[in-house]
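Below you'll find the structure, written out as C-alpha cells, and then a few comments.
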Amino acid sequence: QLQLVESGGDLVQPGGSLRLSCALSGFTSDYYAIGWFRQAPEKGLEGVSCLNMNDFTTYYPDSVKDRFIVSTESAKRTVYLQMNNPNPEDTGLYYCATDFFNPDFGTHCLVVGVDYWGRGTLVNVST
C-alpha cells in the first residue's frame, strides 16, 4: 500500500521561506512521480510542482516558478517542497500525491487521475 505523509506546514511571513516534506512508503519502483497540490480557500485544487523520481525532471506552473523548488534525497524516501518568497496567495492546504500508473503524470502534473493522496499540511502566509 502506497502511503504519503506531509509535514512542515506553518504560519510564514510574506517573503520568508518554508519547507514542506512528504514521507513516502510502499514505493518499490523508481518510475513514478510525486506531485504537490494545494487547495486555497474558495479555490480548486492546483498543482504546484511535480517531480519525476527516475530522472528528477520537474514541473512548475508560472504561479510558483522560480520561487518553489521540489526535490528528494538519495534514498527517495522523502520529497520536499521548498517555498521561497511566499505571498498570501500561496496560503492553502498542501497535499502530496501520485498518479502512480500514469507515466505522464510528472510532465503535466494534473490532479485528474491522482489515486494516492496524503492528508495535507496547512500553510498560512500572513503577517
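Because only heavy atoms are used, hydrogens play no part in the values below, and waters and symmetry mates are left out as well, while side chains stay in.
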Do [X] and [Y] sit in the same hydrophobic cluster, where Ile, Leu, Val, Met, Phe, Trp and Tyr count as joined when their side-chain heavy atoms come under 4.5 Å apart?
{"X": "Val5", "Y": "Tyr80", "result": "no"}
{"X": "Val48", "Y": "Val112", "result": "no"}
{"X": "Leu93", "Y": "Val123", "result": "no"}
{"X": "Leu51", "Y": "Val114", "result": "no"}
{"X": "Phe37", "Y": "Ile34", "result": "no"}

Distance (rounded to the nearest 0.5 Å) between [X] [atom1] and [Y] [atom2]:
{"X": "Thr121", "Y": "Asp10", "atom1": "OG1", "atom2": "CG", "value": "8.5 Å"}
{"X": "Leu122", "Y": "Leu11", "atom1": "CG", "atom2": "CG", "value": "9.5 Å"}
{"X": "Cys109", "Y": "Asp104", "atom1": "SG", "atom2": "CG", "value": "12.5 Å"}
{"X": "Cys50", "Y": "Met53", "atom1": "SG", "atom2": "CE", "value": "11.5 Å"}
{"X": "Ile69", "Y": "Met83", "atom1": "CD1", "atom2": "CE", "value": "12.0 Å"}

Can you tell me if [X] uses its side chain to pair, donor with acceptor, with the backbone of [Y] under 3.5 Å?
{"X": "Thr98", "Y": "Ala33", "result": "yes"}
{"X": "Asp90", "Y": "Asn87", "result": "yes"}
{"X": "Lys76", "Y": "Asp30", "result": "no"}
{"X": "Glu6", "Y": "Arg119", "result": "yes"}
{"X": "Asn52", "Y": "Asn54", "result": "no"}

Worksheet item: Which pairs count as ring pair (Phe, Tyr, Trp, His ring centres under 6.0 Å) when at least one residue sits in residues 44-64, sequence neighbours excluded?
Response: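 For residues 44-64, and leaving out neighbouring residues, there are no ring pair (Phe, Tyr, Trp, His ring centres under 6.0 Å) pairs at all.
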
Would you indicate whether the side-chain heavy atoms of [Y] and [X] approach each other to under 4.5 Å?
{"X": "Glu73", "Y": "Val79", "result": "no"}
{"X": "Tyr116", "Y": "Asp99", "result": "no"}
{"X": "Leu20", "Y": "Ser7", "result": "no"}
{"X": "Tyr31", "Y": "Pro103", "result": "no"}

Practice prompt. Identify the residue among Leu4, Thr78, Val70 that makes a side-chain contact (heavy atoms from CB on, under 4.5 Å) with Cys96.
Written response: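 One option only clears the test, and that one is Leu4.
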
Worksheet item: Hey, would you say the Phe100 and Tyr32 ring centroids sit under 6.0 Å apart?
Response: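 Yes, the ring centres sit under 6.0 Å apart.
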
Item to complete: Give the intermediate values and the outcome of side chain to side chain donor-acceptor pair (under 3.5 Å) for residues Ser63 and Glu46.
Response: CA-CA 10 Å; Ser63 58; Glu46 175 190 14; 3.0 Å; yes

Minimum heavy-atom separation for [X] to [Y], with atom names?
{"X": "Pro61", "Y": "Ser49", "answer": "CD-N, 4.5 Å"}
{"X": "Gly118", "Y": "Tyr95", "answer": "O-CD2, 3.5 Å"}
{"X": "Leu110", "Y": "Phe105", "answer": "O-CE1, 3.4 Å"}
{"X": "Trp36", "Y": "Cys22", "answer": "CZ2-CB, 3.5 Å"}
{"X": "Val12", "Y": "Ser17", "answer": "CG2-O, 3.6 Å"}
{"X": "Pro86", "Y": "Arg67", "answer": "CA-NH1, 3.6 Å"}

Item to complete: Start with the C-alpha gap between Leu18 and Gln13, add the side-chain angles, then the distance that decides, and say whether side-chain contact (heavy atoms from CB on, under 4.5 Å) holds.
Response: CA-CA 10 Å; Leu18 189 68; Gln13 291 191 345; over 6 Å; no

Item to complete: Show your working on side chain to side chain donor-acceptor pair (under 3.5 Å) between Ser126 and Asn124 and close with a plain yes or no.
Response: CA-CA 6 Å; Ser126 175; Asn124 185 6; 4.8 Å; no

Discussion item. Which label fits Tyr94 and Phe68: parallel for a plane angle under 30°, tilted from 30 to 60°, or perpendicular past 60°?
Written reply: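 Ring orientation of Tyr94 relative to Phe68: tilted.
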
